[in-house]
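Report on one structure; see the data block that follows.
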Number of protein chains: 2
Amino acid sequence: MSQRLPATARREQILAVALNVFADAGFHGASMNDIAVAAGVTKPVLYQHFDSKRDLYKALLDDVGNRLLEQTAKATAEATDGKSTTELGFRAYFRWVAEDHAGFRLLFGGGTSTDDEFASAVAAITAQAAAATVPLIDVDRPESSRRTLAHALVGMAEGASRRLVELGDDFDPDEIAEEVSTLAWAGLRAL
Amino acid sequence: MSQRLPATARREQILAVALNVFADAGFHGASMNDIAVAAGVTKPVLYQHFDSKRDLYKALLDDVGNRLLEQTAKATAEATDGKSTTELGFRAYFRWVAEDHAGFRLLFGGGTSTDDEFASAVAAITAQAAAATVPLIDVDRPESSRRTLAHALVGMAEGASRRLVELGDDFDPDEIAEEVSTLAWAGLRAL
DNA sequence: CGGAGCGGTTACCATCCGGTAACAGTGTCT
DNA sequence: AGACACTGTTACCGGATGGTAACCGCTCCG
């Protein structure tokens, strides 16, 4: 079937394939055999590159999460004031979603199961996103309140994205970002 | 062990126990045996009341989802204008979360897996919540845009709640609702 | 008393699936 | 050519778990 591949190339191919399979079926719904078949190899090959199913899944979670955080961090680095930070942050988020539907579904589609390790990996990602949002919120409030509001803002992006991804159609991330950030920024100024 | 119970009482006890077990461990993480033990009975008893594990889980999903939608619908029915609708809606939502952590985690905690049937049940609930939110959004926008923004608003409540539930501490739902609805309403007016 | 109805239990099956040992094909360097 | 390294396969094991058949025993009624 598939060509023989050097180890590093095979590893990346497996990661790419597994991302889609896991995104479709979830951690438990996808078997290692499913992934192997989708990659055009057999099960033991997977175990040459990853210690366990969990290990593979975790690697994906980390990869995808880091891509999200890096892209938003990079985008907001150029911002000067709160308003542009908000706009650039949302734009980066929605661009990421638009170009990596599978990644979004992996992280936020519900397949993460209630496994402690996976759940906290995802929680760590949203927590980091929220942490980046905290400074936008009126400093006159208690820290815990600001954090909760930050999670609410991150939830806006997640909620909107979930619908867009479920619809399946492509969408213009910049357009969505503009609307959502308008909504968010006006809210922030009102606090 | 546990008393002998009449059928209806046993059924409700099982639902109550299963809600907590599923909320903790997720659909796949919780075995029927786990639930039976937690209920103080043995496995076949579960099958006297529910056709299958899926059936039991689905019943919970529907119960919990309906409770959420009913409570918010009832609360917003008394509202006169957009602002009070927003406030009352968020208040009802956060009150529901505060008094049913397990229910929130069942629906939105990630345990729903990527199972099609379950996922669409949850999607239907958030879609209904969003549908109730759509009228609050500036009618000058295209329908799809309004729906996406509605999902963003629902996502605010979900995002904030997820953090609060993860913290584990009790919280004052009315206080949170006031902050979040301030944020949301100001945003809505700005559109 | 005795039997019918019902709530509950023991013991079991079948299947799926993560994980592994042993082996086989292919290219490369001497 | 032949030895070695590396990629990939076949065939299998063992544990977990959804689901079921058969049986037990209480309680209430005639």
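Residue numbering restarts at 1 for every chain, and letters A, B, ... go by the order of the sequence lines.
The residue A:Thr42 sits close to a base: some heavy atom pair falls under 4.0 Å.
Following rounding to the nearest Å, A:Tyr47 (OH) and D:dA11 (P) show an atom-to-atom distance of 19 Å. A:Asn33 places its CG atom 14 Å from the C1' atom of C:dT20, with the value rounded to the nearest Å. Summarising the geometry, the separation between CZ on A:Phe50 and C1' on C:dG19 is reported as 16 Å, rounded to the nearest angstrom. In this entry the distance linking CZ of A:Arg11 with P of D:dC6 reads 17 Å, nearest Å. Between the P atom of C:dG18 and the CG atom of A:Asp115 lies a distance of 14 Å, rounded to the nearest Å. Rounded to a whole Å, the OH atom of A:Tyr57 is 17 Å from the C1' atom of C:dG18. What separates CG of A:Leu56 from C1' of C:dC17 is a distance of 15 Å, to the nearest Å. The distance from atom CG of A:Asp34 to atom P of C:dC16 is 12 Å, rounded to the nearest whole Å.
Ion pairing between A:Arg162 and B:Glu158 holds under the 4.0 Å rule for side-chain N and carboxylate O. Using a 4.0 Å cut-off between charged nitrogen and carboxylate oxygen, A:Glu143 and A:Arg146 count as a salt-bridge pair.
Of the candidates D:dT9, C:dT9, C:dG19, C:dT9 carries the atom nearest the B:Val41 side chain, counting heavy atoms from C-beta on. Across C:dG8, C:dC17, D:dG8, the shortest atom-to-atom separation from the side chain of A:Arg4 is found for D:dG8.
With the nearest nucleotide of DNA chain C identified for both B:Pro6 and B:Pro44, B:Pro6 has the one nearer the 5' end. Heavy-atom distances to DNA chain C give each of B:Lys43 and A:Met32 a nearest nucleotide, and the one nearer the 5′ end belongs to B:Lys43.
For the pair A:Lys53 (side chain) and A:Phe27 (backbone), a donor-acceptor distance under 3.5 Å is present.
Side-chain atoms of B:Ser145 and A:Glu179 form a donor-acceptor pair, as typed in the model, at a separation below 3.5 Å. Between the side chains of A:Ser52 and A:Asp55, no donor-acceptor pair of N or O atoms lies under 3.5 Å.
For B:Gln48 against C:dG7, no side-chain N or O and base N or O form a donor-acceptor pair under 3.5 Å.
Contact between the side-chain N/O atoms of A:Arg10 and the OP1/OP2 oxygens of D:dC6 is not found at any separation under 4.0 Å.
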